[in-house]
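Reading through the C-alpha cells given below for one structure.
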Amino acid sequence: MNHRIQEGPTYIADILKQEKSLIVAGLLGFLLAGICGIWVLIYGAPIGPEGNIGKAFSFNAALGIFLFSTAVILPFSGMGTRSKAWFRWSYIVLALYSYFAETVQNFRGVDPRFVRNGTGFDEAVSNIFVLVALLLVLFYVIIAVQYFRSRVLNANPEIVLGIRYAMIAVIISFAAGIWISVNTGRFTGADGNIIWLHGFGFHALQVVPFAAWLSMITLNPASRFIVIHLTGITYLLGLMAIGWQTLLGYTLFEWSALPIGAAFFFLVAFILSAWMVGQAYVQHANQRINRSSHGR
C-alpha cells in the first residue's frame with residue numbers, strides 16, 4: 001500500500017505487526033467457529049431446549065472476520081497510539097465476552113440473548129450481553145467518526161474514502177442488530193429476516209476498502225475515485241433495498257423489485273472488484289514478461 005501517514009502500514013506485514021492482538025482475537029473466532037462447525041457436522045445444530053450451535057458457528061465466524069477487518073483499517077484512522085490502544089483492548093475484552101456468551105450458552109442449550117425459563121446465571125449472561133452489544137456499537141461509532149476527519153482523508157484519500165462508505169454500512173448493520181434486540185428476534189412481518197441486513201452491512205468492511213486498495217494499484221489517479229464512489233454507492237443501495245424489503249416484512253428470496261435491485265447493486269460492486277483483480281493480474285504478468293525480456 002502506498003501509505004502516507006506515520007502510523008499507517010506500508011505493507012500487510014506491518015498491519016499484522018501493529019494490530020496482532022486484534023488479529024489474534026479474530027483468529028480465536030475462527031477457531032471457535034471451527035469447533036462449532038465440527039460439532040454441527042457430527043451431532044447437528046440444535047441443543048435443547050433453546051441452544052443452536054449453528055448460530056454460535058455463524059456468530060463466531062462473523063465476529064472473527066469483523067475483528068480481522070478492523071485490525072486492517074485501524075492504522076488508517078489517524079488516532080494516536082494511546083487512543084488506538086484504548087479502542088483495541090476495549091474491543092478485545094468485549095469480543096471475548098461475546099465469544100463466551102454465544103458459545104457457552106448455546107452449548108448449554110440456552111439462547112444467549114432471549115432467555116426463556118433460564119436460571120439466574122442465564123439471565124445475568126443475557127443482560128450483560130445486551131450491555132456488551134451496546135458498547136460494541138458505541139466504541140465503533142467513535143472510531144468511525146475518525147475517518148470523516150479531513151486530515152485523515154487527505155493523508156490517505158483512496159483508502160479512507162473506501163473506509164467511509166464501509167463505516168456507513170456498518171452503522172446500518174448495527175442499527176439492524178438493535179432492531180433484532182428490540183424485536184426480540186430476527187424475524188419480522190410475514191417473512192422478513194433482519195439478519196440479512198445485519199450481516200451484509202458488516203461485509204462492506206471487506207468489499208469497499210479492498211476495492212479502494214485495488215484501485216490504487218491498478219488505476220490512474222483520475223479513475224480511482226470514480227470506481228471507489230461507484231463501489232460504495234452501489235453497496236449502500238443494495239443494503240437499502242434489503243432493508244426496505246425487510247421493513248415491509250417480505251423475504252429476500254422472491255422475484256420482486258427490491259430483492260432483484262439488491263442483487264443487481266451488489267453484483268455491480270463485486271464486478272468492479274473482480275475487474276480490478278483481473279487488471280492487477282495482467283499488470284503483474286506484463287511486469288514478469290518485461291523482466292524476463294530484460295534478463296535476456
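Since this is a predicted model, take the numbers as computed values, not measurements. Start at 1 with the first residue, then count along the sequence.
Expressed to the nearest 0.5 Å, how far CZ of Arg186 lies from NE2 of His198 amounts to 9.0 Å. Thr188 contributes atom OG1, which lies 5.0 Å from atom CG of Asn183 (distance to the nearest 0.5 angstrom). Rounded to the nearest 0.5 Å, atoms CZ (Arg88) and CD1 (Ile143) are 10.0 Å apart. Distance check, rounded to the nearest 0.5 Å: OH of Tyr147 to CD1 of Ile73 gives 4.0 Å. Leu214 CG to Leu272 CG: the interatomic distance, rounded to the nearest 0.5 Å, is 10.5 Å. The structure places OG of Ser69 at 11.0 Å from CG of Leu22, a figure rounded to the nearest 0.5 Å.
Tyr99 and Val24 fall into different hydrophobic clusters, defined by Ile, Leu, Val, Met, Phe, Trp and Tyr side-chain heavy atoms under 4.5 Å apart, directly or through other members. Linking ILVMFWY residues whenever their side-chain heavy atoms come closer than 4.5 Å, directly or via other members, leaves Leu267 and Leu252 in distinct clusters. Both Phe59 and Leu96 are part of a single hydrophobic cluster, where members link through side-chain heavy atoms under 4.5 Å apart. Using a 4.5 Å cut-off between side-chain heavy atoms of Ile, Leu, Val, Met, Phe, Trp and Tyr, with links allowed through other members, Val104 and Phe129 fall into the same hydrophobic cluster. Put simply, Leu248 and Ile260 are part of two different groups of oily side chains (I, L, V, M, F, W, Y) that touch within less than 4.5 Å, one to the next.
Tyr165 is listed as a side-chain neighbour of Ile233, based on a closest heavy-atom distance under 4.5 Å. Under the 4.5 Å side-chain criterion, counting only non-hydrogen atoms from C-beta, Trp196 is not in contact with Thr246. Between Ile168 and Arg164 the shortest side-chain heavy-atom distance does not fall below 4.5 Å. Between Thr251 and Asn193, every side-chain heavy-atom pair lies at or beyond the 4.5 Å cut-off. Cys36 is listed as a side-chain neighbour of Phe107, based on a closest heavy-atom distance under 4.5 Å. The shortest distance between side-chain heavy atoms of Val72 and Phe68 falls below 4.5 Å. Residues Tyr250 and Pro259 form no side-chain contact, since every pair of their non-hydrogen atoms from C-beta on lies 4.5 Å or further apart. No side-chain heavy atom of Val125 sits under 4.5 Å from any side-chain heavy atom of Val110.
No donor-acceptor pair closer than 3.5 Å links the side chain of Ser273 to the backbone N or O of Phe270. For Thr103 (side chain) and Phe100 (main-chain N/O), no donor-acceptor pair under 3.5 Å exists by modelled atom type. Here the side chain of Arg151 pairs a donor or acceptor atom with the backbone of Gly78 at under 3.5 angstrom. Here the side chain of Ser173 pairs no donor or acceptor atom with the backbone of Ala169 at under 3.5 angstrom. Ser126 places no side-chain N or O within 3.5 Å of a backbone atom of Asp122 that could act as its donor or acceptor partner. Looking only at distances, no side-chain donor or acceptor of Arg113 sits under 3.5 Å from a matching main-chain atom of Ser181. For Ser77 (side chain) and Leu74 (main-chain N/O), a donor-acceptor pair under 3.5 Å exists by modelled atom type. When atom types are taken as modelled, the side chain of Gln146 and the backbone of Ile142 share a donor-acceptor pair closer than 3.5 angstrom. Without hydrogens or angle criteria, Ser215 side chain to Ala212 main chain gives a donor-acceptor distance under 3.5 Å. When atom types are taken as modelled, the side chain of Asn60 and the backbone of Gly64 share no donor-acceptor pair closer than 3.5 angstrom.
Minimum interatomic distance between Leu67 and Ala95 (heavy atoms only, all atoms of both residues): CD1-CB, 3.7 Å. Here the shortest heavy-atom pairing between Leu153 and Leu161 reads CD1-N, 4.0 Å. Nearest heavy atom pair, residue Thr218 against residue Met276, reads CG2-O, 3.4 Å. Annotation for Arg224 and Met216: closest pair NH2-O, 3.3 Å, computed over non-hydrogen atoms. When all heavy atoms are compared, the tightest approach of Phe114 to Ile180 is CZ-O, 3.8 Å. Contact record, Ile242 with Ala262: CG1-CB, 3.9 Å, taken as the closest heavy-atom pair.
Residue Trp179 qualifies as enclosed at atom CH2: its count of foreign heavy atoms under 6.0 Å is above 12. Counting non-hydrogen atoms of neighbouring residues, nucleotides and ligands closer than 6.0 angstrom, the CG atom of Asn117 reaches no more than 12 such neighbours. Within a 6.0 Å radius of OH in Tyr281, no more than 12 heavy atoms belonging to other residues, nucleotides or ligands are found.
Taking the six-membered ring wherever Trp is involved, the centroid distance between the rings of Tyr235 and Phe266 falls below 6.0 Å. Proximity of the aromatic rings of Tyr140 and Tyr91 is defined here by a centroid distance below 6.0 angstrom, and this criterion is met. Ring centers of Phe202 and Phe174: under 6.0 Å apart, within the cut-off.
With no hydrogens or angles considered, a side-chain donor-acceptor pair links Asn106 and Glu102 at under 3.5 Å.
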Let me see the working for Ile163 and Asn156 under side-chain contact (heavy atoms from CB on, under 4.5 Å), right down to the final yes or no. CA-CA 10 Å; Ile163 294 173; Asn156 300 273; over 6 Å; no
Could you go through the side-chain contact (heavy atoms from CB on, under 4.5 Å) check for Phe148 and Met167 one step at a time? CA-CA 10 Å; Phe148 289 87; Met167 285 301 174; 4.3 Å; yes
Report the C-alpha distance between Tyr97 and Leu94 in whole Å, list the side-chain angles of each, state the deciding distance to 0.1 Å, and finish with yes or no for side-chain contact (heavy atoms from CB on, under 4.5 Å). CA-CA 5 Å; Tyr97 182 84; Leu94 295 172; 5.9 Å; no
Let me see the working for Phe76 and Val152 under side-chain contact (heavy atoms from CB on, under 4.5 Å), right down to the final yes or no. CA-CA 7 Å; Phe76 296 93; Val152 176; 5.8 Å; no
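Classified by interplanar angle (parallel below 30°, tilted 30° to 60°, perpendicular above 60°), the ring pair Trp39/Tyr43 is tilted.
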